[in-house]
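Have a look at the structure below before the remarks.
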Amino acid sequence: MPYRSLLRTLVIMLLLQACKTPESSLVLPGEAPKPVKNIIFLIGDGMGLPQISAALYSNGNILNLEQFPVIGFHKPYSASGIITDSAAGATAFACGIKTYNGSIGMSVDTLPCYSIMEELKDRGYATGLIASSTIVHATPAAFVAHQPIRVFYEAIAADFLKADVDLIIGGGKRYFDRREEDGRDLYKELKQKGYTVSDYYKEEFPAILPPPKHPFVYFTADKHPLTKAAGRDYLPDATNLAVSFLPRRSDKGFFLMVEGSQIDWGGHSNDGNLVVEEMLDFDQAVKEALRFARKNGETLVVVTGDHESGGLAINPGSEMNNLQLAFTTNGHTAAMVPVFAYGPWAELFSGIYENTEIYYKMKQALGIADTAISSVK
Ligand code: MG
Ligand code: ZN
């Protein structure tokens, strides 16, 4: 009947009209993707694609890293040249700037930069730093300290006193309590500031959560902690402890940086076993981060390396679980480094970008993005 077909045409027209909403109104202010609450940022020092591959093929072809749905690559070069060191690499992640090799949280003009960890602390987030090296070593240091040269360990330790990090786990106790450059006892000063302070000499790594009313420091060694093979085993436990502890320190959210520090040292010493053992330990920390993020639903997990170390190759003659590893250098190389992301806003991390962009992407995910400053070319 003509009447019916007219009615049908009208209904279809109305439906089409309803669907033709202009693009700009598709995302209403109320519907904008929710900022992520927590970020767990895991850095494998010296962890390039060969290190990941060597660990994978030495571990029955299984890694926790395989569970990440989004993967990208960053360009790790620094302001010093195509090969970065860990200080410039960590400063790029922490502050979003390319700087010179050796700089701890400072620009090429040796001006201190405002790190993502400092900013989040100021915004009321809880913060945590975990490393399997000393806590004053370049990678963790760049998130809270500002020193022109990375080996100023005592000065870096003093910077920790100003940073109010909620959770600190790593080696380097001697730079706090047996300082040569001044008479300060930073171990005592941390206590005076309200920290629960403990160390490997006093007790085993805590099996129970320290009281969340106080910030917490645990020194895992006097200088550098042992290698995994020699008995160090706290990195996954510390990660697990941190994700229980930090949410109790702030309702706003937390930022946790976990470093697998000694993968790099396997590259420097051209020791394939060391690379693989340290990689697998780091992968266990990644597992703990993922476990928390899956349950929590408001946590972004980002995993990357600062650079590749050793020019590692998996040579002909290799078989699954029996690799012929070779190195081209005892330094770092310039190869791009993979980035793995899981959780809300993970898609931001796909593609190829500067290492400095990781800082901006994390801030964007947190909903505190400012104008991205184009990176130094
Ligand atoms: Mg490091
Ligand atoms: Zn290195």
Side-chain angles (χ1 to χ4, degrees), residues 41-59 61-68 70-78 80-93 98 101 131-133 137-139 142 227-228 235 257-286 301-316 318 323-342 349-358 361:
F41 184 32
L42 299 107
I43 304 174
D45 198 314
M47 186 187 77
L49 205 45
Q51 285 73 14
I52 295 167
S53 310
L56 175 72
Y57 297 141
S58 301
N59 191 49
N61 199 20
I62 293 173
L63 282 184
N64 289 294
L65 277 175
E66 292 177 82
Q67 295 174 35
F68 284 77
V70 177
I71 293 157
F73 284 93
H74 77 72
K75 302 186 241 179
Y77 66 90
S78 74
S80 292
I82 198 161
I83 294 177
T84 189
D85 82 328
S86 295
T91 302
F93 299 149
K98 298 256 186 195
N101 291 354
S132 49
S133 61
H137 212 241
T139 312
T227 61
K228 168 74 176 142
L235 199 66
M257 195 290 287
V258 180
E259 188 200 17
S261 316
Q262 300 194 26
I263 302 163
D264 179 58
W265 304 351
H268 286 295
S269 57
N270 287 187
D271 181 340
N273 289 333
L274 183 55
V275 169
V276 168
E277 283 152 8
E278 293 297 326
M279 263 304 307
L280 292 177
D281 182 52
F282 180 66
D283 191 58
Q284 289 302 309
V286 169
V301 182
V302 179
V303 186
T304 191
D306 48 0
H307 51 74
E308 196 277 341
S309 290
L312 178 61
I314 301 171
N315 265 357
S318 295
L323 304 181
Q324 302 298 315
L325 298 177
F327 296 85
T328 61
T329 172
N330 55 17
H332 302 164
T333 71
M336 288 197 294
V337 179
V339 183
F340 303 81
Y342 173 91
F349 293 85
S350 94
I352 294 178
Y353 39 83
E354 300 291 342
N355 58 355
T356 45
E357 289 301 311
I358 291 175
K361 290 174 191 295

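The structure displayed is predicted, hence computed values, not measured ones. Computation of the quantities below employed the complete heavy-atom set of this structure, encompassing side-chain atoms and omitting hydrogens, waters and symmetry-equivalent molecules.
- With sequence neighbours excluded, the residues forming a side chain to side chain contact (heavy atoms under 4.5 Å, CB included) with Val339 are His74, Val302, Thr304, Phe349, Tyr353, Ile358, listed by chain and number.
- Nearest heavy atom pair, residue Thr139 against residue Asp306, reads OG1-OD2, 4.1 Å.
- Minimum heavy-atom separation, Asn270 to Asn330: ND2-CA, 3.9 Å.
- With hydrogens and angles left out, the side-chain atoms of Gln262 and Ser132 include no donor and acceptor closer than 3.5 Å.
- Atoms CG and NE2, from Asp264 and His332 in turn, are 4.0 Å apart once rounded to the nearest 0.5 Å.
- Checked by atom type, the side-chain pair Asp283/Asn64 shows a donor-acceptor distance below 3.5 Å.
- For the residue pair Asp281 and Gln284, no side-chain donor N or O sits within less than 3.5 Å of a side-chain acceptor on the partner.
- The closest side-chain heavy-atom distance from Leu49 to Glu308 is not below 4.5 Å.
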- Message: Applying side-chain contact (heavy atoms from CB on, under 4.5 Å) to Ile314 and Leu325, what does each step give before you reach the verdict?
- Response: CA-CA 5 Å; Ile314 301 171; Leu325 298 177; 3.7 Å; yes
- Item | Test side chain to side chain donor-acceptor pair (under 3.5 Å) applied to Glu354 and Thr356, step by step | CA-CA 5 Å; Glu354 300 291 342; Thr356 45; 5.1 Å; no
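- The CG atom of Asp45 sits 9.5 Å away from atom CZ of Phe282, with the distance rounded to the nearest 0.5 Å.
- Classification of the His137-Trp265 ring pair by plane angle, with boundaries at 30° and 60°, yields perpendicular.
- Minimum heavy-atom separation, Ala54 to Leu312: CB-CD2, 4.2 Å.
- Put simply, the side chain of Tyr77 reaches to within 4.5 Å of the side chain of Lys98, judged on heavy atoms.
- A donor and an acceptor atom, one from each side chain of Ser86 and His307, are located under 3.5 Å apart.
- In this structure, CG on Leu235 lies 8.5 Å from CD on Glu278, to the nearest 0.5 angstrom.
- Residues Thr84 and Ser78 share a closest heavy-atom pair of OG1-CB, 3.5 Å.
- Under a 3.5 Å cut-off, the side chain of Ser309 and the backbone N or O of Gly267 do not form any donor-acceptor pair.
- Closest non-hydrogen pair, Ala90 versus Ala138, comes out as CB-O, 4.1 Å.
- Between Leu42 and Phe340, every side-chain heavy-atom pair lies at or beyond the 4.5 Å cut-off.
- For the atom pair CG of Leu63 and CG of Asn61, the computed distance is 8.5 Å after rounding to the nearest 0.5 Å.
- Residues Pro76 and Val337 share a closest heavy-atom pair of CG-CG2, 4.1 Å.
- Between the NZ atom in Lys228 and the CE atom in Met279 there is a gap of 14.0 Å [rounded to 0.5 Å].
- Leu56 places a side-chain heavy atom less than 4.5 Å from the side chain of Glu66.
- To the nearest 0.5 Å, atom CE of residue Met47 and atom CD1 of residue Ile52 are 4.0 Å apart.
- Looking at Ser80, its side chain does come within 3.5 Å of a backbone N or O of Asn101 through a donor-acceptor pair.
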